[in-house]
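These notes concern the structure reproduced below.
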Amino acid sequence: MWIKGRYAYSGYGLLCLLGIFSPYLNPWGKSVTVWDTLYLRFYGVSLEGGFTLLSFLYYVVVFMGFVYLFQVYVSEYLSGRFYYVAIRHRSLLHWFASLGIRIALRAAAFLLILFVLTVTISLISGQTLEPKVTVQPGIDFKQILFQFLLNGWLQIMNGTMIVFITAWLFKDVSYSLIAQGALVLAILPMINVGCWLPAGLNSMGYISGQWEDQLRITGLLAVYLLIEFSVVVYIFGRKNISS
């Protein structure tokens, strides 16, 4: 029963691992350093609108997969044991803060695990830790780390917040799935023109070599996160936990 209840998590982890191993996610040649592999595996979509189907699909599996698993968890939580747990907290915001901290820590741990796995597998494959990116001139390895860890964390938190708000407002799971489908479509460069929507912005393809562009993404994702938190505070203000 323990294994059966974790089929989705096991399958998700296996897909993430297979993607790291896959040589088909190297569309621009052979990786020389571990930073090359990190860049290519999580390329996603690019600022200029270019991407490969495999890089796009793997991005969706990794980052939207995390959001989907959270949606499954929170939908079951809100329809089941939510009131038994929430009633023990001083307020809905106190309960949400506890939930948010847990999800934030898990998102950070998830990214760190992905990073360690990618580096380890790359080293086993004969790549080096030399601090340079050979597959894309003009990019610093520190920019790849920044994009993957910080912007990646902000992107995941935006996705989970959007799903949480949808699940809270609409008890029907189909609305949460529609919200996730909209986020997947918003990743596409032809839809996210100007990069103003909080979807796919942690793609390695968005790294231009200029720190200003990356910091703009960081600021945009942080602003969206604050807006989403404000929405949560507002809808909590209209809900009586004892009703």
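It should be emphasised that the depicted structure is a prediction, and the values quoted were computed from it without experimental measurement. Positions are given from 1, in the same order as the sequence printed here.
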Is the count of non-hydrogen atoms from other residues, nucleotides or ligands lying under 6.0 Å from [X] atom [atom1] greater than 12?
| X | atom1 | value |
| --- | --- | --- |
| Trp211 | CH2 | yes |
| Phe110 | CZ | yes |
| Phe229 | CZ | no |

* Asked: Is the NZ or CZ atom of Arg216 positioned over Trp196's six-membered ring, under 6.0 angstrom from the centre and within 45° of the axis?
  -> yes
* To do: Not counting sequence neighbours, which residues clear side-chain hydrogen bond (donor to acceptor under 3.5 Å, both in side chains) with Glu228? List them please.
  =>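 By the side-chain hydrogen bond (donor to acceptor under 3.5 Å, both in side chains) rule, Glu228 matches no residue at all.
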* Output the distance between atom OH (Tyr68) and atom CG (Leu183), rounded to the nearest 0.5 Å. => 15.0 Å
* Give, for atom CG of Asp213 and atom OG1 of Thr218, the distance between the pair rounded to the nearest 0.5 Å. => 11.0 Å
* Structure fact -> residues 124-149 vs salt bridge (charged side-chain N to carboxylate O under 4.0 Å, His left out), sequence neighbours excluded, gives Glu130-Lys132, Asp140-Lys142
* Asked: Quick one: salt bridge (charged side-chain N to carboxylate O under 4.0 Å, His left out) pairs with a partner in residues 173-183, sequence neighbours left out?
  ->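 Matches after skipping sequence neighbours: none remain.
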* Asked: Val231 and Leu226: same hydrophobic cluster, using ILVMFWY side-chain contacts below 4.5 Å?
  -> no
* Asked: Taking the inter-plane angle between the rings of Phe148 and Phe63 on a 0 to 90° scale, is it parallel (under 30°), tilted (30 to 60°) or perpendicular (over 60°)?
  ->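 Aromatic pair Phe148/Phe63 classed perpendicular.
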* Asked: Taking the six-membered ring for Trp, are Phe164 and Phe236 parallel (under 30°), tilted (30 to 60°) or perpendicular (over 60°)?
  ->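 Ring orientation, 0 to 90° scale: perpendicular.
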* Full working for side-chain contact (heavy atoms from CB on, under 4.5 Å) between Phe115 and Leu145 -> CA-CA 9 Å; Phe115 173 73; Leu145 273 175; 3.5 Å; yes
* Can you name the one residue among Phe42, Tyr43, Phe21 that meets ring pair (Phe, Tyr, Trp, His ring centres under 6.0 Å) with Tyr58? ->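 Going through Phe42, Tyr43, Phe21 one by one, the ring pair (Phe, Tyr, Trp, His ring centres under 6.0 Å) with Tyr58 is satisfied by Phe42 alone.
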